[in-house]
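Just the heavy atoms: all of them, side chains too, but no hydrogens, waters or symmetry mates, feed the values below.
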Amino acid sequence: KCILAKSKPLEGASRLPVKEPLLLPWDRFSSWLHCICVVGFDLELGQAVIYPHHSKLTEKEKTSICYLSFPDSNSGCLGDTQFCFRFRQAAGRKSSLGCFLDHFDRDAPVCLKVSGYYYGYVYFRQVRDKSLKRGYFQKSLVLISKLPYVTFFHSLLKLIAPEYFEKQEPCLEAACNDIDRWPTPCPGKILTLPIMGVVMKVTAIFFLCKISGHLVSIILPTVHEVDLFRCFHPVFFHIQMLWELVLLGEALVVMAPSPAESSDTVLALVSCISPLCYCSDFRPYFTIHDSEFKEYTTRTQAPPSVILGVTNPFFAKTLQHWPHIIRIGDMKQAGEMAKQMKVKKLKNLKTLDSKPGVYTAYKPFLNKDEDIIKQLQKGVQQKRPSAAQNAILRRYFLELTQSFIIPLERYVASLMPLQKSISPWKSPPQLRPFIQEEFMKTLEKAGPQLTSRLKGDWIGLYRQFLRSPNFDGWFRNRRKEMTQKLEALHLEALCEEDLQLRIQKHTEVETVDLVLKLKEKLVSAEKDQLPVKPGTLPKLQAHIESIILSLPEDLQGILHKPPSP
């Protein structure tokens with residue numbers, strides 16, 4: 001799935017014609033970015049300059065951005081470095097994305113929906129400069145966005161940042177104006193995005209950049225996924241165990257030498273259970289200055305369900321009570337063979353200088369899949385391209401997740417009431433409740449063994465998963481979809497009724513009440529984009545008009561008035 005891959009709807013959807021929202025200056029910009037920040041480092045703290053200048057950030061958000069925009073001093077990042085971070089939006093900030101982006105978010109795959117967080121996409125430059133007090137020029141260009149499209153925004157930064165460091169402020173003002181001319185994100189369409197004299201054509205599969213009349217392809221398989229094989233290469237003997245830990249929403253910390261490796265590894269972990277959405281918090285780059293530092297490092301309670309990426313050696317001591325720690329060394333080239341590493345005991349993790357590996361007492365529920373390890377090792381020996389290795393690993397995770405989730409999907413589908421139980425003149429029927437033991441009984445004949453060759457304690461894995469935030473988030477989403485489907489079926493049944501015949505038996509008051517209820521249903525159906533059959537909503541609108549015209553003129557005038565906001 002990617003930014004332009006529309007998620008599959010339950011049914012063909014019917015819409016009344018939707019008026020294009022009136023776009024004001026900077027509305028288009030805001031559908032892609034909240035703002036662009038330039039963070040310069042001084043002896044006390046970074047100072048953020050914001051573009052466009054009218055963009056609003058709270059002091060707490062500015063402070064978070066300043067601290068998160070720079071690698072820890074021990075990282076030794078000379079030259080140019082790219083990474084990303086994630087932080088909570090300030091309380092009370094308007095959650096709506098604007099109506100044009102709300103529609104896009106509704107159609108996006110679940111794992112790409114916007115949450116109450118900002119992402120910061122960083123391009124950090126550090127070069128020696130004896131004329132400066134610190135002896136180094138240190139500056140970060142940061143794109144702040146609600147959208148989780150890491151590959152896209154990092155590619156965008158590669159175009160903007162080098163120009164900015166050469167030409168300074170006028171370059172950013174030009175970039176902001178370019179972005180404000182972009183079409184708003186729209187599933188299923190090819191978008192033409194002009195930026196810095198380059199035209200990026202965004203399709204569902206890759207990007208094309210048209211430079212000086214010549215097409216140059218930039219291979220981006222998706223706009224939001226990192227290279228799994230490169231990220232997991234240092235610990236790829238443990239990929240299946242890591243999949244289980246992420247699936248179950250376990251507390252995980254990634255200790256890495258730089259923010260680039262930290263953020264890529266955290267994003268790889270979160271995406272390894274796709275298309276299932278990771279529903280807990282995750283921080284690709286986390287520092288001791290983060291506002292959640294005390295909350296996430298306290299020893300007075302169990303570590304929360306969160307994945308943290310850190311680089312500061314201080315965390316080796318602060319987080320040594322965490323149950324699962326992944327230590328990443330310098331990421332090797334994909335052409336080098338990773339060494340077989342055993343899972344290490346947590347007590348062996350003393351400092352951030354400890355050997356790379358996975359430190360945990362966790363015992364996986366499923367037996368180890370040696371085939372995928374051999375396949376990837378063979379690829380390394382044969383110098384298989386990294387993109388091919390990544391595709392193999394991503395497909396492996398996808399098939400594993402689908403094998404796990406299909407029995408749940410099948411059981412949840414059985415909770416839907418029969419269509420014949422839907423009456424147009426009664427409220428839509430309710431879904432049956434999810435009963436854990438009832439679901440467990442279905443696994444004997446229709447469990448993951450139908451689609452996966454892996455053996456092990458699948459039952460134990462499901463029991464643990466049903467207690468996790470990932471199950472809670474998945475089931476909430478499925479229940480919402482199915483409830484909307486019942487509402488849609490109810491609406492379709494209502495449209496098939498002869499309403500004119502029905503109102504002949506009604507009093508005038510009852511008829512007015514019916515019109516008001518139908519209007520309410522129509523507004524709700526449009527707002528929630530109910531998956532009704534094509535033509536249903538226009539048909540309902542026609543029914544309403546027909547009933548209103550059968551009433552006295554004074555009532556017609558009242559009912560034709562638009563509702564007050």
Nearest non-hydrogen partners of N390 and V226, listed with the distance: OD1-O, 4.1 Å
Hey, could you give me the CG/CG distance between D472 and N477, rounded to the nearest 0.5 Å? 11.5 Å
Rounded to the nearest 0.5 Å, how far does CG of L143 lie from SG of C84? 11.0 Å
Going by atom types alone, do Y359 and Q320 pair a side-chain donor with an acceptor below 3.5 Å? no
Determine whether I326 and L269 satisfy the following criterion, side-chain contact (heavy atoms from CB on, under 4.5 Å), listing intermediate values before the conclusion. CA-CA 11 Å; I326 303 167; L269 286 165; 3.9 Å; yes
Are the side chains of F286 and F315 in touch, meaning some heavy atoms are under 4.5 Å apart? yes
So, W32 versus F152, ring centres under 6.0 angstrom or not? yes
Rounded at 0.5 Å granularity, tell me how far CZ in F293 sits from CG in L308. 10.5 Å
Minimum-distance pair of heavy atoms, taken over all atoms of C231 and P234: O-CD, 3.4 Å
Output, in order, the C-alpha distance, side-chain angles, deciding distance and verdict of side-chain contact (heavy atoms from CB on, under 4.5 Å) for Q464 and F471. CA-CA 10 Å; Q464 193 75 8; F471 169 73; over 6 Å; no
With a 4.5 Å heavy-atom cut-off, do Y118 and K146 have their side chains touching? yes
Is a side-chain donor or acceptor of S262 paired with a backbone partner of T311 at a separation under 3.5 angstrom? no
Could you check if a side-chain atom of E169 sits within less than 4.5 angstrom of a side-chain atom of V38, using non-hydrogen atoms only? no
Checking N470 side chain against L247 main chain: does a donor-acceptor pair fall under 3.5 Å? yes
Identify the heavy atoms of P284 and R86 that sit nearest to each other, and give their distance. CD-CB, 3.7 Å
Within the side chain of S140, is there an N or O that forms a donor-acceptor pair under 3.5 Å with the backbone of S69? yes
Do W182 and S31 pair up side chain to side chain, a donor and an acceptor below 3.5 Å, judged on atom types alone? no
Nearest 0.5 Å please: distance from the CD1 atom of I273 over to the CG atom of L398. 12.0 Å
Do D369 and W243 come within less than 4.5 Å of each other through their side chains, counting heavy atoms only? no
Inter-residue atom distance Q377.CD - F236.CZ, 0.5 Å rounding: 4.5 Å
For Y362 and E244, test the side chains for any donor-to-acceptor distance below 3.5 angstrom and give the result as yes or no. yes
Quick one: closest heavy-atom pair of V270 and Y278, and the distance? CG1-CB, 3.8 Å
Quick check, are the ring centers of F404 and Y462 under 6.0 angstrom apart? yes
List the steps, then state whether side-chain contact (heavy atoms from CB on, under 4.5 Å) holds for D264 with F83. CA-CA 7 Å; D264 279 358; F83 60 94; over 6 Å; no
Any ion pair linking R28 and D180 (charged N to carboxylate O, less than 4.0 Å)? no
L248/F365 under side-chain contact (heavy atoms from CB on, under 4.5 Å): CA gap, chis, key distance, verdict: CA-CA 11 Å; L248 300 177; F365 286 94; 4.0 Å; yes
Taking Q389 for the side chain and L376 for the main chain, is one N or O donor matched with an acceptor at less than 3.5 Å? yes
Using only atom types and a distance under 3.5 Å, with no angle test, would you say the side chain of E261 pairs donor to acceptor with the backbone of A256? no
What's the spacing between L393 CG and F397 CZ if we round to 0.5 Å? 4.5 Å
Can you say whether the rings of F282 and Y119 are parallel (under 30°), tilted (30 to 60°) or perpendicular (over 60°)? tilted
Minimal non-hydrogen separation, G120 against V142, with atom names: CA-CG1, 4.1 Å
Check: D281 and P304 side chains under 4.5 Å, non-hydrogen atoms: no
Is a side-chain donor or acceptor of S403 paired with a backbone partner of E399 at a separation under 3.5 angstrom? yes
Verify, without hydrogens or angle tests, whether K368 (side chain) and F237 (backbone) share a donor-acceptor contact under 3.5 angstrom. yes
Any side-chain donor-acceptor pair under 3.5 Å between D290 and Y296? no
Of V266, T360, I307, T265, which is the lone residue that meets side-chain contact (heavy atoms from CB on, under 4.5 Å) with L252? I307
Give a yes or no on whether the backbone of N312 and the side-chain of D72 come within a donor-acceptor separation of less than 3.5 Å. yes
Treating D178 as the side-chain partner and M196 as the backbone partner, does any N or O pair qualify as donor plus acceptor under 3.5 Å? yes
What's the shortest heavy-atom distance between C272 and T401, and which atoms? O-OG1, 3.8 Å
Among V122, I144, L141, find the residue that satisfies the side-chain contact (heavy atoms from CB on, under 4.5 Å) test when tested with C37. I144
Answer yes or no: is there a side-chain heavy-atom contact under 4.5 Å between W322 and V306? yes
Should the pair E295-R88 be classified as a salt bridge under the 4.0 Å nitrogen-to-oxygen rule? yes
Go through the steps to decide whether S55 and W26 satisfy the test side-chain hydrogen bond (donor to acceptor under 3.5 Å, both in side chains), and finish with yes or no. CA-CA 10 Å; S55 297; W26 301 112; over 6 Å; no
Keeping Q240 on the side-chain end and N367 on the backbone end, is there a donor-acceptor pair under 3.5 Å? yes
